[in-house]
Protein chains: 2
Amino acid sequence: MHPIIEYLSKYIKLSDDQAEAIVTGSKIQEFKKKEIILRPGEVARNCYFILKGCIKTYYLVDGEEKVTGLFTEGEPLVPVSYATGEKSDYFVEAIEPCITSLGSNIKTDELFDRIPEMKNVSLVIGGEIMARNQVSYDTFRTLPPEQRYKKLRETRPDLCNRIPQYTLASYLGIKPESLSRIRKRMQEKVV
Amino acid sequence: MHPIIEYLSKYIKLSDDQAEAIVTGSKIQEFKKKEIILRPGEVARNCYFILKGCIKTYYLVDGEEKVTGLFTEGEPLVPVSYATGEKSDYFVEAIEPCITSLGSNIKTDELFDRIPEMKNVSLVIGGEIMARNQVSYDTFRTLPPEQRYKKLRETRPDLCNRIPQYTLASYLGIKPESLSRIRKRMQEKVV
DNA sequence: CAATGTCATTGACTTAAGTTAAGAAAGCAC
DNA sequence: GTGCTTTCTTAACTTAAGTCAATGACATTG
């Protein structure tokens with residue numbers, strides 16, 4: 001089964017015809033490692049469903065990368081700029097070689113015409129993304145750096161291994177040196 | 001004009017009949033200062049549009065209040081629990097005496113039947129809430145405590161005056177003592 | 001109006017993250 | 001493989017937030 005259909009199957013029973021229409025209608029786009037998908041000042045014309053690879057979103061503050069989001073296989077990435085139609089404030093960049101399926105406003109309208117039920121699905125998925133964002137937000141807000149790292153190891157252990165430490169540190173809101181020290185502290189406690 | 005209709009007018013042109021239906025169909029609920037609106041473990045059956053007053057959302061971590069959200073007049077408050085149907089992880093509590101207009105799943109379904117266009121409005125409003133959340137999230141992530149406070153004074157100066165310092169401190173992710181010191185430091189620079 | 005409770009500030013001290021700089025380890029290109 | 005870049009770690013020092021404790025301001029209540 002196509003990954004997109006598998007993803008949607010949680011929300012809606014699609015006929016074979018409908019599934020076929022979605023898959024053949026969906027555009028695939030690939031990105032090289034370090035390829036920039038969206039820059040500040042640009043308006044996002046697409047959102048992305050990640051089939052393979054890993055993408056980060058980040059701000060450039062005084063020349064420093066501030067990572068605010070990490071996305072991997074099976075996750076939808078909806079740039080704020082796509083939702084609002086305004087210029088993006090941040091970068092979207094492939095950390096690994098990526099294969100994504102594109103969503104666009106035009107495609108979405110066509111889809112809603114063809115399968116009206118998808119409007120409800122969008123509302124539900126939107127609610128879920130919002131809820132997930134909120135949880136991630138609240139974790140960051142309520143925990144100090146060291147505990148954020150521990151939490152991340154529990155909830156997304158895959159990330160800790162596949163992503164450069166300095167990117168992970170930025171995502172945790174600390175400097176690479178601090179992450180290094182945290183890791184060392186944790187090691188010592190285990191021994 | 002009713003505040004809810006004024007709010008919706010940004011998104012949809014409602015006939016007088018439709019506006020009438022929404023206003024008469026909407027339930028008003030008031031809360032006393034310090035009244036708890038939602039507790040961890042409970043499932044939210046309502047979302048709220050704030051007509052008057054101020055509401056905070058917070059986690060209780062080791063007996064300590066960790067404020068993650070502050071909402072005032074004209075803002076919609078959608079508990080994660082309302083969106084997901086799962087038990088809440090956090091408290092929702094009135095900081096000031098509040099007057100709110102309730103939204104509920106049943107009401108929403110009725111509304112969608114009556115005014116199908118409202119489904120599109122929900123999608124748009126949902127996108128906007130998500131975008132606003134993201135901006136607030138990213139501000140917190142990318143700025144250190146002192147700058148978070150400065151930013152908050154720029155973007156929501158009202159909050160800094162109407163809310164207790166210890167609540168504000170918690171919202172900024174610091175202790176009241178630290179906020180006190182930050183304020184002192186800022187004063188000294190002005191003089 | 002005294003007594004109590006709530007909230008904000010201050011000071012002394014601790015802790016952990018930031019900064020700067022240097023060097024080690026790993027990955028990549030030629 | 002050699003050399004180069006990128007990434008990670010370590011160390012010494014600085015800075016700012018956390019902690020603990022005391023005090024002061026203010027509002028609320030009996």
Side-chain angles (χ1 to χ4, degrees), chain A residues 32-36 54 56 58-59 61-67 70 93-97 139-153 159-191, chain B residues 32-36 54 56 58-59 61-67 70 93-97 139-153 159-191:
Chain A
K32 280 178 259 176
K33 184 174 174 173
K34 300 207 176 185
E35 187 170 348
I36 293 178
C54 184
K56 66 179 168 184
Y58 63 96
Y59 293 75
V61 183
D62 304 327
E64 203 182 346
E65 228 180 88
K66 302 278 190 177
V67 178
L70 294 171
E93 179 179 331
I95 300 185
E96 301 172 3
T139 301
F140 195 91
R141 262 195 131 102
T142 57
L143 298 180
E146 180 162 350
Q147 298 203 34
R148 291 206 280 265
Y149 177 62
K150 286 180 184 165
K151 190 95 183 179
L152 191 69
R153 290 191 54 139
L159 276 188
C160 302
N161 297 321
R162 82 194 268 187
I163 287 188
Q165 297 294 314
Y166 70 92
T167 301
L168 206 57
S170 176
Y171 181 65
L172 292 168
I174 56 178
K175 303 283 161 190
E177 294 90 333
S178 291
L179 180 54
S180 223
R181 279 188 293 240
I182 287 172
R183 284 153 57 90
K184 198 178 177 187
R185 255 180 274 155
M186 285 174 64
Q187 256 184 327
E188 280 163 5
K189 277 183 188 166
V190 174
V191 177
Chain B
K32 280 178 259 176
K33 184 174 173 172
K34 298 206 176 186
E35 187 169 348
I36 294 177
C54 184
K56 67 180 169 185
Y58 63 96
Y59 292 75
V61 182
D62 303 328
E64 203 180 348
E65 228 181 88
K66 303 277 190 180
V67 177
L70 294 172
E93 181 179 328
I95 300 185
E96 302 173 1
T139 301
F140 196 92
R141 261 196 132 102
T142 57
L143 299 180
E146 181 162 348
Q147 299 204 34
R148 291 206 281 265
Y149 177 62
K150 286 180 185 166
K151 191 96 182 176
L152 190 69
R153 289 189 55 137
L159 276 188
C160 302
N161 297 320
R162 83 195 267 187
I163 287 188
Q165 297 294 314
Y166 70 94
T167 301
L168 207 56
S170 176
Y171 181 65
L172 292 168
I174 56 178
K175 303 285 161 189
E177 295 91 329
S178 292
L179 179 55
S180 221
R181 279 187 292 242
I182 287 172
R183 285 153 57 90
K184 199 179 175 187
R185 252 181 276 156
M186 285 175 63
Q187 257 183 326
E188 281 162 5
K189 277 183 188 169
V190 174
V191 177

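Residue numbers begin at 1 in each chain, while the letters A, B, ... track the order of the sequences.
Open room surrounds CZ on Arg153(B); 12 or fewer heavy atoms of other groups in view lie less than 6.0 Å from it.
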Under a 4.0 Å heavy-atom criterion, the protein footprint on nucleotides 14-30 of chain D, written with B, S and -, is ---SBBB----------
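Comparing dT10(D), dT10(C), dC7(C) by their closest approach to the side chain of Ser180(B) singles out dT10(C).
For the pair Cys54(B) and Arg162(B), the minimum side-chain heavy-atom distance is below 4.5 Å. Using a 4.5 Å heavy-atom cutoff, the side chains of Phe140(B) and Leu172(B) are not in contact. With contacts defined as side-chain heavy-atom distances shorter than 4.5 Å, the pair Thr167(B)/Lys56(B) qualifies. Between Lys66(A) and Tyr58(A) the shortest side-chain heavy-atom distance does not fall below 4.5 Å. Inter-residue side-chain proximity for Tyr59(B) and Glu64(B) is flagged as unmet; no heavy-atom pair is nearer than 4.5 Å. Considering only heavy atoms from C-beta on, Ile174(A) comes within 4.5 Å of Ile182(A) through its side chain. Annotation: side chain of Leu168(B) is in contact with side chain of Leu152(B) (closest heavy-atom distance under 4.5 Å).
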Any protein N or O atoms within reach of nucleotides 22-28 of chain C? Criterion: under 3.5 Å, listing atom names and distances.
none

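Rounded to whole angstrom, the span from the CD atom of Gln165(A) across to the C1' atom of dT10(D) amounts to 15 Å. At whole-Å resolution of the value, CD1 in Ile163(B) and P in dC7(C) are 13 Å apart. Whole-Å rounding puts the Leu179(A) CG to dT7(D) P distance at 15 Å. Separating the CD atom of Gln147(B) from the C1' atom of dA17(C) is a distance of 16 Å, rounded to the nearest angstrom. In this structure, CZ of Arg183(B) is placed 8 Å from C1' of dA8(C), rounded to the nearest angstrom.
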